[in-house]
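The block underneath contains the structure these notes are about, expressed in structure tokens.
Order of the sequence lines fixes the chain letters, A, B, ..., with proteins taken first and strands second; residue numbering starts at 1 for each chain. Keep in mind the model is a prediction, meaning the values are calculated, not measured.
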Amino acid sequence: MPELPDVEIFRKEAEMSKNSEITGFEIDDKDFVELNQSKFNNNLKGKKFKDTLRRGKYLFMKVDDESGIVMHFGMTGFLVYKKENDDAPDYTKCSFVLKNKHKLHYISKRKLGHVKYVGKIGDFIEENDIGPDVLELSEAEFISKLSEKNSMVKSALMDQSTVSGIGNVYADEILFQSEVHPKQKANKLDEKKWKTLHKNTVKVLKKAIEKNADVSKLPKSYLLPNREEGNDCPKCEGKIEKIKVSGRNGYYCPSCQKK
DNA sequence: CATAATGTTTAAGA
DNA sequence: GTCTTAAACATTAT
């Protein structure tokens, strides 16, 4: 479930591999992993992960100031740090082996993510048009980004080049708490709604990180633990309905979130 | 067996 | 060209 909060949890997992010599790289699916053995030997072997950096849904693991590993988790990817004799999880695609024999495993059930080496992380961000991390933005910056979009507000929130980190699931929660209809045009909202959206974006994402990105542990008053068609709205007498926006299924409460 | 799934990229419309 | 939207992508679980 990799949206911003999930990737933040993976980042913390990756932190455990920091400052230990990287001695090996195991590839389980060479068609998927965009880092081969010789590239590993030339750029990573013998070095250490010095720092981790998350931007939106991307995770970077730096081996020096500019270069390192970039990971994206698609819809089903995750990262796990294991001690010496633990088995790699099912669907492990590749693993970094550290000097103490501990391993950092990248797992993906569907092949929609990426693992690769980049020489210049800054260039990678620019080339892929990855927008500013939504938790790094000030309210004013957030509003100026959103108010420029003529698209449906849900699509705007999920557009990674506008602001990065929000996906289909958390977008539903942010809109629910802000009482904004997902198909409302982003640039047609008023100043007050934009502010509300920003406030709830920060609140929801931080709460999710606090709960280890486990949606079921979110407060009962949230939409996500109840995110199913026909369920009772946690805030009013209405029922949750399914709605398709830009080809993705979402859920909302028609009586709380009016157009 | 058909469908839907947290992701992004693409191609098509406007 | 630019912006927005829907389909396509690959694979698995239901």
> Does A/Lys235 make a cation-pi contact with A/Phe176 (under 6.0 Å, within 45 degrees of the axis)?
Replying inline: yes
> Are A/Glu15 and A/Arg11 ion-paired here, with the side-chain N under 4.0 Å from a carboxylate O?
Replying inline: yes
>> Using atom C1' in both nucleotides, what's the gap between C/dA7 and B/dT3 to the nearest angstrom?
In response: 16 Å
> Within the side chain of A/Asp159, is there an N or O that forms a donor-acceptor pair under 3.5 Å with the backbone of A/Ser155?
Replying inline: no
>> Measuring only the P atom in each nucleotide, how far is C/dA10 from B/dA11? A whole number of Å is fine.
In response: 14 Å
>> If the threshold is 4.0 Å, N to carboxylate O, is there a salt bridge linking A/Glu179 and A/Lys258?
In response: no
> Tell me: CE of A/Met152 to C1' of C/dT4, nearest whole Å?
Replying inline: 8 Å
> Of all the choices, B/dA5, C/dT12, C/dA6, which nucleotide is nearest to the side chain of A/Ser246 once you look at every atom?
Replying inline: C/dA6
> Taking for each residue the nucleotide of DNA chain C bearing the nearest heavy atom, is the 5' side occupied by A/Tyr91 or by A/Lys185?
Replying inline: A/Lys185
>> I'd like to know if A/Glu8 and A/Arg54 make a salt bridge, using a cut-off of under 4.0 Å between side-chain N and carboxylate O.
In response: yes
> Under the criterion side chain to side chain donor-acceptor pair (under 3.5 Å), which of A/Asp28, A/Asp29, A/Asp31 is the partner of A/Lys93?
Replying inline: A/Asp29
> Quick one: stems for DNA chain C, with Watson-Crick or G-U pairs under 3.5 Å, at least three in a row?
Replying inline: B:2-5 with C:11-14, B:7-14 with C:2-9
> Atom CD of A/Glu8 and atom P of B/dT6: how far apart are they, to the nearest Å?
Replying inline: 22 Å
>> Does C/dC3 have its OP1 or OP2 closer than 4.0 Å to a side-chain nitrogen or oxygen of A/Lys149?
In response: no
> Between A/Asn128 and A/Arg110, who's closer to the 5' end of DNA chain B by nearest nucleotide?
Replying inline: A/Arg110
